[in-house]
Structure formats: C-alpha cells, structure tokens
Amino acid sequence: MHELSLCKSILEIINQKVVEINCIRVKKVYLEIGQLAAVEKSALMFSFKVLVQGTVAENADIEFIDVAGMAICQSCGEKVFLNQYYDACQACGAFSLTVIQGEELRVKSMEIE
Ligand SMILES: [Zn+2]
C-alpha cells in the first residue's frame, strides 16, 4: 500500500524531530498534502494509527492541510491551477505544464509536550 510507505517516512521525520527537541509526547501533526500527490487521507490516517502504537506519537492527531496543484505553462508563461496531471493549460490550451506545487507530502509542524 502506497500510504503505508508514505506513513513510514513521515514517522521517520517525526522521530527525528522528537530526538532533536527532546519531547515526550506528540499531540498533533500538521501534514501538508498536495492535490497531485494522490494520497488517500483515510488510508494514511489508518496506517498512521497503526504505526505510531507504542511511540511518542501514539494518540497524536493528524491535521491535513491541502495544497492546491499549480503549474507554469512553458508555452505562454502563465501560472495556472492544476487539478490533475496532464491537464491542458487553462490560459492557452497547451500541454506543456511544469508542476511547481501540489506534489508534496510533508510534516508542516507538530504540537508537542
Ligand atoms: Zn499556456
């Protein structure tokens, strides 16, 4: 499952931070999810709950922050919203968009104790 491996890398980041700042409990994790990342939030949430058992992040809540997909058109130079890959440019109709935002999945911040 895609979400499970994603979750493992998220946990690695959390654990790294926890060691760095020496906290005893993670209360909440703010996760930025790009619209283009194709992440199933409920599956991610489920994997997270399973993986954090027995760690400092046990019982931590996840709050998702949606990040819209954006691209720059190589043809007309416009910056446009992108709902999915391989969409045409909304300004000129060309299929020469370079994604600049919306692929991320990252830990934005955490609430800790
Ligand atoms: Zn264009």
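Remember, it's a predicted structure, so these values are computed and weren't measured experimentally.
Proximity of a side-chain donor or acceptor of Lys27 to a complementary backbone N or O of Ala57 within less than 3.5 Å is not detected. Judged by distance alone, with hydrogens and angles left aside, the side-chain atoms of Glu78 form no donor-acceptor pair with the main-chain N or O of Cys89 at under 3.5 Å. Under a 3.5 Å cut-off, the side chain of Glu63 and the backbone N or O of Lys28 do not form any donor-acceptor pair. Checked by atom type and distance alone, the side chain of Glu58 never pairs as donor or acceptor with a backbone atom of Val56 at under 3.5 Å.
Leu36 and Val67 end up in different hydrophobic clusters when Ile, Leu, Val, Met, Phe, Trp and Tyr side chains are linked at under 4.5 Å. Residue Ile24 is not grouped with residue Val19 when hydrophobic side chains (ILVMFWY) are merged at heavy-atom distances under 4.5 angstrom, including chains of intermediate members. Ile100 and Val80 are not part of a single hydrophobic cluster, where members link through side-chain heavy atoms under 4.5 Å apart. One hydrophobic cluster, built from ILVMFWY side chains closer than 4.5 Å, cannot hold both Leu105 and Tyr30; they sit in different ones.
For the pair Gln35 and Asn83, the minimum side-chain heavy-atom distance is below 4.5 Å. In this structure, the side chains of Val29 and Phe48 come closer than 4.5 Å at one or more pairs of heavy atoms. Residues Val99 and Tyr85 form a side-chain contact, since some pair of their non-hydrogen atoms from C-beta on lies under 4.5 Å apart. Side-chain contact between Leu44 and Leu31 is present, with heavy atoms from C-beta onward closer than 4.5 Å.
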Please test Arg25 against Glu113 for salt bridge (Lys or Arg N to Asp or Glu O under 4.0 Å), starting from the C-alpha separation and ending with a verdict. CA-CA 5 Å; Arg25 204 160 73 88; Glu113 261 181 15; 3.2 Å; yes
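Nearest approach of Ala88 to Gly93, heavy atoms of both residues: CB-O, 3.6 Å. Taking all atoms of both residues into account, the shortest heavy-atom contact from Leu97 to Ala71 is CB-CB, 3.9 Å. Contact record, Tyr86 with Phe95: O-CE2, 3.4 Å, taken as the closest heavy-atom pair. The shortest heavy-atom contact between His2 and Ala37 is NE2-O, 3.9 Å. Closest non-hydrogen pair, Cys7 versus Leu51, comes out as CB-CD1, 3.7 Å. Closest of all the heavy-atom pairs between Met110 and Val107 is CG-CG1, 4.0 Å.
Atom CZ of residue Phe46 and atom CD of residue Glu3 lie 12.0 Å apart, to the nearest 0.5 angstrom. Interatomic distance, Cys23 SG to Glu111 CD, rounded to the nearest 0.5 Å: 12.0 Å. Rounded to the nearest 0.5 angstrom, Ile10 CD1 and Arg106 CZ are separated by 12.5 Å. How far CG of Leu82 is from OG1 of Thr98: 10.5 Å, rounded to the nearest 0.5 Å. Annotation: the span from Ser9 atom OG to Leu4 atom CG amounts to 10.0 Å, rounded to 0.5 Å. One distance of note links OG of Ser47 with CG of Leu11; it measures 10.0 Å at 0.5 Å rounding.
Residue-environment remark: NZ (Lys108) stays at or below the threshold of 12 foreign heavy atoms within 6.0 Å. Within a 6.0 Å radius of NZ in Lys79, no more than 12 heavy atoms belonging to other residues, nucleotides or ligands are found.
None of Ile65, Leu6, Val39 except one satisfies the side chain to side chain contact (heavy atoms under 4.5 Å, CB included) rule with Ile33; the exception is Val39.
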